[in-house]
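To start, the structure itself, in structure tokens.
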Amino acid sequence: MIILGHSMMTKTNLNDGTPVFCLRKPEAKMLDHHVDGYLQNGISINDNDVVFDVGANVGVFGLRAIQKAKNVNAYCFEPIPDIFSVLKKNAEEYGDGRIHVYEFGVSDKSANASFTYFPNTPALSTLHPEQWDEDPEAFSKAVKGTMKNPPEGMKWMRLIPPFFSGVIAHFLVRGKKQVECKLVPLSDVIENENIEQIDLLKIDCEGAEWSVLKGIRENDWPKIKSLVIEVHDTDGRLDNVRQLLTEKGFSQLHTESEVGLEDTGMFNIFALR
């Protein structure tokens with residue numbers, strides 16, 4: 001076990017036996033549960049694809065991406081140091097030289113920014129904590145939704161009485177801290193790494209998705225073949241994202257709430273040319 005700041009890196013096996021380093025074993029399984037949710041509605045990973053993972057967390061999506069087909073390369077972005085350390089370890093141990101990791105967040109301009117890091121639930125760490133402040137029940141709703149639709153191997157969560165969701169949510173946000181992280185526009189990465197095509201751009205960055213999209217320069221949009229984006233629908237953002245994608249040539253758009261998260265205002269958008 002490796003101690004990182006106040007968090008401890010540990011190791012677990014996903015449901016099919018795939019080993020992975022993580023900060024929280026249940027969260028690793030939860031992240032893997034989300035992978036299946038992303039790869040539907042026409043979104044797929046094929047031989048020789050280039051996959052960008054914005055909001056990579058510990059790299060479960062990147063690991064699954066390189067397993068899905070031959071010669072896939074995954075570019076994974078994670079700004080929070082404790083989480084990035086685990087991502088880097090997974091890339092070194094299991095990435096086969098095809099998981100490329102970057103210790104910064106993706107935004108519309110280069111900057112330094114203060115992130116809120118939740119050590120008890122690293123995946124919800126965010127640049128935009130106000131999304132949770134605006135709706136004090138949002139965390140509790142997300143926990144309750146997860147309890148209704150748990151991943152394989154965690155079906156016991158259904159046995160927890162729903163009224164416990166508030167208690168669990170309170171524990172999850174306890175001990176939060178501010179960490180300074182670097183932000184870089186996606187187009188700067190495309191230019192610096194000489195990326196000619198992004199077959200799949202996955203964005204799950206806890207409320208910063210609009211800034212990520214605004215950091216893509218006009219000449220880079222045609223390089224992107226498909227997207228899956230988690231959108232927090234505040235201030236009409238869902239409609240804004242759909243309109244932007246339509247303008248950029250994505251004719252096939254599908255929007256859905258994840259099972260169990262219907263009350264949270266969080267949606268997944270699947271976009272294909």
Side-chain angles (χ1 to χ4, degrees), residues 13-21 28 31-79 84 86-106 184-205 209 212-213 215-230 241 244-254 268-273:
N13 287 332
L14 302 176
N15 288 320
D16 64 348
T18 295
V20 65
F21 290 94
L31 293 167
D32 198 33
H33 184 51
H34 284 301
V35 172
D36 294 331
Y38 296 134
L39 298 177
Q40 55 183 350
N41 298 306
I43 302 293
S44 61
I45 295 172
N46 305 297
D47 291 354
N48 305 309
D49 274 1
V50 170
V51 175
F52 268 42
D53 184 1
V54 176
N57 200 275
V58 299
V60 173
F61 187 79
L63 285 170
R64 290 305 194 196
I66 67 167
Q67 287 179 345
K68 293 285 178 193
K70 293 176 189 163
N71 200 33
V72 173
N73 277 273
Y75 294 77
C76 300
F77 306 90
E78 175 52 54
F84 176 79
V86 187
L87 169 64
K88 187 167 179 245
K89 181 78 171 165
N90 279 323
E92 290 167 354
E93 294 285 328
Y94 308 122
D96 193 31
R98 293 183 288 127
I99 296 180
H100 315 276
V101 299
Y102 302 85
E103 191 177 1
F104 51 76
V106 177
V184 175
L186 200 66
S187 278
D188 285 10
V189 179
I190 291 170
E191 183 180 346
N192 294 338
E193 300 293 337
N194 296 313
I195 302 293
E196 293 176 8
Q197 183 165 314
I198 299 173
D199 298 282
L200 173 58
L201 170 56
K202 171 237 161 192
I203 303 171
D204 181 355
C205 52
E209 56 277 357
V212 174
L213 295 171
I216 302 171
R217 290 193 286 268
E218 198 60 47
N219 61 317
D220 287 326
W221 274 105
K223 297 172 184 172
I224 301 168
K225 304 306 172 194
S226 67
L227 300 98
V228 58
I229 312 170
E230 184 184 88
V241 170
L244 177 68
L245 294 175
T246 301
E247 288 169 5
K248 301 304 180 187
F250 293 90
S251 55
Q252 298 179 55
L253 294 181
H254 178 82
N268 283 338
I269 293 182
F270 304 82
L272 294 150
R273 291 196 178 281

Do [X] and [Y] have side chains that approach each other closer than 4.5 Å (heavy atoms only, starting at C-beta)?
| X | Y | answer |
| --- | --- | --- |
| Val228 | Ile203 | no |
| Lys225 | Gln197 | yes |
| Ile66 | Val51 | no |
| Cys205 | Val212 | yes |
| Val184 | Val106 | no |

Please confirm whether Phe84 and Phe104 have ring centers closer than 6.0 angstrom.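 Ring-ring flag for Phe84/Phe104: false, centres at least 6.0 Å apart.
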Which atom pair, heavy atoms only, marks the closest approach of [X] to [Y]?
| X | Y | answer |
| --- | --- | --- |
| Phe250 | Leu227 | CZ-CD1, 3.2 Å |
| Gly17 | Asn13 | O-OD1, 3.6 Å |
| Val72 | Arg98 | O-NH1, 3.1 Å |
| Val101 | Ala91 | CG1-CB, 3.7 Å |
| Lys248 | Glu218 | NZ-OE1, 2.8 Å |
| Leu31 | Asn57 | CD1-OD1, 3.2 Å |

Can you measure from [atom1] ([X]) to [atom2] ([Y]) and round to the nearest 0.5 angstrom?
| X | Y | atom1 | atom2 | result |
| --- | --- | --- | --- | --- |
| Asn73 | Asp96 | CG | CG | 9.5 Å |
| Ser187 | Asp220 | OG | CG | 3.5 Å |
| Arg217 | Asp188 | CZ | CG | 5.5 Å |
| Asn48 | Asp199 | CG | CG | 9.0 Å |
| Glu191 | Asn219 | CD | CG | 9.0 Å |
| Ile43 | Tyr38 | CD1 | OH | 12.0 Å |

Let me see the working for Leu39 and Ile45 under side-chain contact (heavy atoms from CB on, under 4.5 Å), right down to the final yes or no. CA-CA 8 Å; Leu39 298 177; Ile45 295 172; 4.0 Å; yes
What do the steps show when you test Cys76 against Ile99 for side-chain contact (heavy atoms from CB on, under 4.5 Å), and what is the final call? CA-CA 7 Å; Cys76 300; Ile99 296 180; 3.9 Å; yes
Apply the test side-chain contact (heavy atoms from CB on, under 4.5 Å) to residues His100 and Glu193: give CA-CA distance (whole Å), side-chain angles for both, the deciding distance (0.1 Å), then the verdict. CA-CA 11 Å; His100 315 276; Glu193 300 293 337; over 6 Å; no
Does atom CD (Glu247) have a neighbourhood of more than 12 heavy atoms from anything else shown, all under 6.0 Å?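 Enclosed: over 12 neighbouring heavy atoms sit under 6.0 Å from CD of Glu247.
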Name all residues meeting the side chain to side chain donor-acceptor pair (under 3.5 Å) criterion together with Thr18; count only those two or more places apart in sequence or in a different chain, and write none if there are none.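 Listed in chain order: Asp16, Arg64, Gln67.
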Parallel, tilted or perpendicular, judged at 30° and 60°: which one describes the rings of Tyr102 and Tyr75? parallel
Hey, could you give me each pair passing salt bridge (charged side-chain N to carboxylate O under 4.0 Å, His left out) that has a residue in residues 43-60? Not counting sequence neighbours.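 Salt bridge (charged side-chain N to carboxylate O under 4.0 Å, His left out) check on residues 43-60 returns Asp53-Lys202.
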Verify salt bridge (charged side-chain N to carboxylate O under 4.0 Å, His left out) between Lys88 and Glu78, making sure each step is shown before the conclusion. CA-CA 10 Å; Lys88 187 167 179 245; Glu78 175 52 54; over 6 Å; no
Residues which pass side chain to side chain contact (heavy atoms under 4.5 Å, CB included) with Asn41, listed by chain and number, not counting sequence neighbours: His254, Glu256, Phe270
Going through the checks in order, is the side-chain contact (heavy atoms from CB on, under 4.5 Å) test met by Val35 and Val60? CA-CA 8 Å; Val35 172; Val60 173; 4.2 Å; yes
